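This report concerns only the one structure given below.
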Amino acid sequence: MRDDIERILFHEQTIFSRLDELARDITEYYRDKELTVLAVLNGSLIFAADLLRRVPLPLKLDCLSVASYHGGTESCGVVTFDQVSMPDIDGRHILILDDILDSGRTLQAIEGKLREHGAPLSVRVCVLLRKLKQRAAELEAHHVGFDIGDEFVVGYGLDYQERYRNLPFVGVLDAAALSRGGGAERG
Ligand code: IMP
Ligand code: MG
């Protein structure tokens, strides 16, 4: 599996140090607010587990399951929600957690869906990674772990065709591994 990694961007210890800082900011911002965290599956699973254990607030946690890729490495703008019912967000401050902000389409669709289905007091976004690029959708992330270039990365929850999520680090996937793929992707 590691042979498919061209270059490691963030080792586990680097991620953990950054999570300490992110958790401090989030704790500070949401102190005395009714916070519900919405983790976007599957990509934010590992990030959410490590981050939220560093946030000593009486928050609620819910998950959203979405699919935004339909093959390849670019989201196509069509975001499918697997949820039968949406989480109860009325009168609560919502923090959406996702693995990466790329085109912004997925998070924009999620934000729209939330506002359509309820009356949250606020909706903010926290991502582990943000690609520095021109985005298809206007979307601001309020808490960002790391900014990266416009490269396809895997590990620490991020996948390529559902593989590599369990790597403890974030790394750039080798071009040869990328060209071997095909099929559907989710979150
Ligand atoms: P967006 O809608 O283009 O912002 O894409 C968001 C979703 O695409 C993320 O939640 C990831 O699941 C996936 N994604 C975007 N870039 C990457 C990447 O470099 N590696 C792995 N997954 C990615
Ligand atoms: Mg994915």
Side-chain angles (χ1 to χ4, degrees), residues 1-2 4-12 14-15 18 22 37-52 62-83 94-115 123-187:
M1 190 159 65
R2 287 177 189 226
D4 294 348
I5 304 301
E6 183 190 295
R7 189 165 94 248
I8 293 180
L9 294 184
F10 307 110
H11 286 278
E12 196 170 32
T14 311
I15 297 172
R18 185 66 188 120
L22 273 182
V37 174
L38 287 185
V40 183
L41 299 177
N42 297 330
S44 76
L45 184 64
I46 290 167
F47 173 44
D50 285 342
L51 177 70
L52 295 180
D62 226 314
C63 297
L64 280 182
S65 190
V66 303
S68 51
Y69 283 18
H70 301 275
T73 58
E74 280 287 338
S75 73
C76 63
V78 180
V79 179
T80 324
F81 290 79
D82 289 355
Q83 240 65 15
I94 308 300
L95 181 63
I96 304 171
L97 286 193
D98 206 356
D99 51 359
I100 190 164
L101 174 57
D102 184 14
S103 74
R105 288 186 178 118
T106 306
L107 284 164
Q108 195 184 50
I110 291 171
E111 262 210 54
K113 187 97 169 173
L114 291 181
R115 295 192 188 279
V123 179
R124 297 167 92 245
V125 170
C126 172
V127 289
L128 176 70
L129 304 171
R130 174 172 62 188
K131 285 190 191 172
L132 292 174
K133 64 190 280 189
Q134 191 71 33
R135 260 173 264 294
E138 273 296 314
L139 194 119
E140 192 193 342
H142 305 83
H143 299 275
V144 178
F146 304 97
D147 280 314
I148 63 169
D150 192 7
E151 302 182 284
F152 197 80
V153 294
V154 293
Y156 197 73
L158 291 115
D159 72 305
Y160 177 55
Q161 297 177 346
E162 293 307 326
R163 292 182 62 223
Y164 309 104
R165 291 197 198 272
N166 56 325
L167 287 172
F169 53 80
V170 173
V172 177
L173 193 61
D174 194 79
L178 264 177
S179 64
R180 282 198 292 272
E185 276 277 300
R186 62 192 315 103

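Order of appearance sets the numbers: ligands from 1, and atoms from 1 within every ligand. Remember, predicted model here, so these are calculated numbers, not experimental data.
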Sequence neighbours excluded, the answer for side-chain hydrogen bond (donor to acceptor under 3.5 Å, both in side chains) partners of R18 is E21
Checking heavy atoms under 4.0 Å, the part of V40 that sits near ligand 1 is neither
What I want to know is whether L107 and ligand 1 share at least one N or O pair that is separated by under 3.5 angstrom.
no
| message | I'd like to know if the side chain of K131 reaches the main chain of S103, judged simply by a donor and an acceptor atom lying under 3.5 Å from each other, with no hydrogens or angles considered. | response | no
For S103, the ligand 1 atoms with a heavy-atom partner under 4.0 Å come out as 1 (P), 2 (O), 3 (O), 4 (O)
Between R105 and A137 the two heavy atoms that sit nearest each other are N-CB, 4.0 Å
| task | Decide whether the shortest distance between a heavy atom of D159 and an atom of ligand 1 is less than 4.0 Å. | result | yes
Checking heavy atoms under 4.0 Å, the part of T106 that sits near ligand 1 is both
A student checking ligand 1 against D98 at a 4.0 Å heavy-atom cut-off should list atoms 10 (O)
Checking heavy atoms under 4.0 Å, the part of K131 that sits near ligand 1 is side chain
Counting from 1 in the order shown, the ligand 1 atoms closer than 4.0 Å to a non-hydrogen atom of E151 are 19 (O)
Give the table of side-chain donor-acceptor pairs shorter than 3.5 Å for residues 138-148, with sequence neighbours excluded, one pair per line with atom names and distance.
residue, atom, partner, partner atom, Å
H142, ND1, V125, N, 3.0
H143, NE2, R124, NH1, 2.9
D147, OD1, R130, NE, 2.6
D147, OD1, R130, NH2, 3.3
D147, OD2, R130, NH2, 3.0

From the list V153, L178, I5, side chain to side chain contact (heavy atoms under 4.5 Å, CB included) partner of V172 resolves to V153
Please confirm whether V153 comes under 4.0 Å of ligand 1, counting heavy atoms of the residue only.
-> yes
Per-atom filter on ligand 1: closer than 4.0 angstrom to a heavy atom of R105 are 2 (O), 4 (O)
Ligand 1 to D102, heavy atom cutoff 4.0 Å, flagged ligand atoms 1 (P), 3 (O), 4 (O), 5 (O), 15 (C), 16 (N)
Is there a side chain to side chain donor-acceptor pair (under 3.5 Å) between D50 and Y156? Walk through the geometry before answering. CA-CA 10 Å; D50 285 342; Y156 197 73; 2.7 Å; yes
Of all heavy-atom pairs linking Y164 and L173, the shortest is CZ-CD1, 3.7 Å
Note: C63 and L41 closest approach over all heavy atoms is CB-CD1, 3.6 Å
Check for me whether G43 has a heavy atom closer than 4.0 Å to any atom of ligand 1. no
Atom 10 (O) of ligand 1: of L158, D99, I148, the nearest heavy atom sits on D99
Tightest non-hydrogen contact, residues G157 and I46, listed as N-CD1, 3.9 Å
